[in-house]
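Structure, as structure tokens:
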Amino acid sequence: MSKERDELDTATTPVSKYCKLMYQRDMVSSTGGNVSVRVGKVVAISPTGSVLAELTGEDLVRVDMETGERIASDGLPSKELPFHLGIYRQRPDVSAVIHGHSPYAVVASTMLEPNAIDAFPAYSAGYLARVTRLPLLAYHDSGSLELADAVAGVFAGGAKAVLLQNHGFIAVGTDLRSAFVTADELLDALKAFVLSDGKATPVSQEVRERLRAKADDAILKGVNA
Ligand SMILES: [Zn+2]
């Protein structure tokens, strides 16, 4: 148990740095959004109502991944804990989840049609390498089991990020840095989409499929995780 505790301390130490970066990049407002990291069967998640820009690793609420019950923590977990747990249960390769309500994500989610595989046009090689594809889920209330089930289902297919209609985005990674970098690339793509009113020209189908295949191959080989 102490080894797991040490690993949790290591995994949660960068929380302060990446939560500040999320705020600076307009991924979250003061009290919007949430983050979590996982070590083994323990998930450490931001408390409900927390201001991410002020959060440290020590503030995270630790819960059992299978039961959702708190482990030696006083705070209340984010109300969006159910979808964080749903992702970890589906994806043993994922050890960090970040979620924000960026205005670009919210607006883009209302301009596109829900699609469980990919709803978004690709504009750049960087997006295809990092995000690869972007499912869009139809609206469900925050914190609902319906949302958690839908999110778990779409991440089970291997997605690295998902758009939630009239809500925001979720990005995942092998650690917080990886999840943040994916979200950062995603937010630039969403910004390009919204600022062009959806009229920017995507890359060709040939380029999209070739670069996606390359990105999928890199994931299989453990590169660019
Ligand atoms: Zn939310």
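These numbers come from the heavy atoms of this one structure, side chains and all, not from hydrogens, waters or symmetry mates. Order of appearance sets the numbers: ligands from 1, and atoms from 1 within every ligand. The model shown is predicted, which means the values in this text are computed figures rather than measured ones.
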What protein atoms of element N, O or S are positioned under 2.8 Å from the Zn ion (ligand 1)?
-> Glu80 OE1, Glu80 OE2, His99 NE2, His101 NE2, His167 NE2
What's the verdict on salt bridge (Lys or Arg N to Asp or Glu O under 4.0 Å) for Lys199 and Asp197, showing C-alpha distance, side-chain angles and the deciding distance?
-> CA-CA 5 Å; Lys199 297 189 179 83; Asp197 198 20; 3.1 Å; yes
Between Tyr123 and Ser196: side-chain donor-acceptor atoms closer than 3.5 Å | no
Verify whether one side chain among Arg130 and Thr182 offers a donor that lies under 3.5 Å from an acceptor in the other.
-> yes
Name the orientation class of the two ring planes belonging to His167 and His101 (parallel below 30°, tilted from 30 to 60°, perpendicular beyond 60°).
-> tilted
Please list all pairs passing the salt bridge (charged side-chain N to carboxylate O under 4.0 Å, His left out) test where one or both residues lie in residues 31-58, with sequence neighbours left out.
-> Lys41-Glu66
Out of curiosity, does Val37 fall in the hydrophobic cluster containing Val43 (side-chain heavy atoms, cut-off under 4.5 Å, transitive links)?
-> no
